[in-house]
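No hydrogens, no waters, no symmetry mates; every other heavy atom, side chains included, goes into these values. Residue numbers run from 1 in the order of the sequence given.
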Amino acid sequence: MPTVQILGTGQLTDLSRQLRRAGGPRLRQNTSRRIRRAAEPLHRDLQRSIRSVQLPGSGRKKRGGPSATTRPLRAGIAGAVRISVRTGATPGARVWLDSSRLPAGVTMGVPSRINEGRLRHPVFGNTKRWTNQWARPTGWWSGPVAAGTPRMRAEIERVLGDVRRDLQ
C-alpha cells in the first residue's frame with residue numbers, strides 16, 4: 001500500500017534548518033501541530049472510505065444466518081491508518097498504513113486487494129477451497145489520496161509561509 005508523503009521539498013528542508021538555528025521548540029511544536037492538522041482530513045477520509053466499502057460474501061446466500069466471525073476487518077484496517085510528522089532532516093507529513101496495527105491474520109496485501117476491488121481468500125482457512133469477494137466501491141485508498149493530496153500540499157505550503165514570516 002503506497003503512502004502519501006510530502007517530504008524533503010526544498011522549502012521544508014530550508015525551514016527545518018531555520019527552525020533549528022532559531023532554537024524555538026515552541027515554534028517547532030506549533031509547526032508540527034499545524035502540519036499534522038493539514039494531514040488529518042485525508043486521514044479521516046481514508047478511515048471513512050474503508051469503513052464504507054461493501055464486501056458482500058458469495059457463499060452464504062443459500063444458508064443464511066449471521067456471520068461466522070465477529071472480527072471487524074474494515075474497522076481494523078481503518079484503525080491502522082496513521083499520520084506521522086517529521087521536522088528533522090527530512091521534514092514533512094506522511095499518511096500511511098501501519099502493518100503492526102492491522103488485525104491478527106491480516107497482511108498488508110489485504111488492504112491493497114480491497115483497494116483493487118477483489119479479495120480472494122480461503123473459505124474459513126481451508127486452503128483447498130477459495131472464494132472471491134468484490135469490494136464496492138473500489139479505490140478506498142487511491143480515491144481519497146488523489147482528492148486530498150493537493151489540499152494537504154496547499155495547506156502545508158500555507159503553514160510554511162506563515163512560519164517563514166515568523167522567522168523573519
### Summary
To the nearest 0.5 Å, atom CD of Gln47 lies from atom CG of Leu42 at 10.0 Å
### Summary
Nearest heavy-atom contact between Ala135 and Thr138 is O-CG2, 3.6 Å
### Task
Please report the shortest heavy-atom distance between Arg136 and Pro56, naming the atom on each side.
NH1-CG, 3.3 Å
### Query
Under 3.5 Å, is there a donor-acceptor pair between the side chain of Asn115 and the main chain of Trp140?
yes
### Task
Find out whether Arg113 and Arg120 are in side-chain contact, i.e. whether some heavy atom of one side chain is under 4.5 Å from a heavy atom of the other.
no
### Task
Please report the closest heavy-atom contact between Gly79 and Arg101, naming both atoms and the distance.
O-NH1, 3.4 Å
### Thr149 (side chain) donor-acceptor with Ala146 (main chain) under 3.5 angstrom
no
### Query
At their closest point, which heavy atom of Ser84 faces which heavy atom of Arg36, and how far apart are they?
CA-NH2, 4.4 Å
### Query
Arg158 and Glu155: salt bridge (Lys or Arg N to Asp or Glu O under 4.0 Å), yes or no, with the steps?
CA-CA 5 Å; Arg158 191 175 67 77; Glu155 180 65 22; 2.6 Å; yes
### Query
Excluding sequence neighbours, so at least two apart, what forms side chain to side chain donor-acceptor pair (under 3.5 Å) with Arg151?
none
### Task
Indicate yes or no: at least one non-hydrogen side-chain atom of Arg48 is less than 4.5 angstrom from one of Pro144.
no
### Query
Partners of Arg44 by side chain to side chain donor-acceptor pair (under 3.5 Å), sequence neighbours excluded?
none
### Query
Does a side-chain heavy-atom distance below 4.5 Å link Arg82 with Leu97?
no
### Message
Would Asp162 and Arg34 count as a side chain to side chain contact (heavy atoms under 4.5 Å, CB included) here? Give the steps.
### Response
CA-CA 10 Å; Asp162 292 349; Arg34 290 181 67 192; 2.6 Å; yes
#### Entry: Note, Val110 side chain near Leu102 side chain (heavy atom, < 4.5 Å)
no
### Query
How far does CG of Leu46 sit from CD1 of Ile77, to the nearest 0.5 angstrom?
12.0 Å
### Task
Give the cluster check for Trp134 versus Ile114: same hydrophobic cluster or not, with ILVMFWY residues linked at side-chain heavy-atom distances below 4.5 Å.
no
#### Entry: Separation between CZ of Arg94 and CD1 of Ile35, rounded to the nearest 0.5 Å
15.0 Å
### Task
Write down the atom of Ile156, the atom of Ala93, and the distance for their closest heavy-atom approach.
CD1-CB, 4.0 Å
### Message
Strictly distance-based, threshold 3.5 Å: is any side-chain N or O of His43 a donor or acceptor partner for the main-chain N or O of Val81?
### Response
yes
### Query
Is the backbone N or O of Leu119 less than 3.5 Å from a side-chain atom of Gln133, with the two atoms forming a donor-acceptor pair by type?
no
### Query
Step by step, would you call Gln54 with Arg74 a side chain to side chain contact (heavy atoms under 4.5 Å, CB included)?
CA-CA 9 Å; Gln54 299 298 313; Arg74 292 171 298 178; 4.2 Å; yes
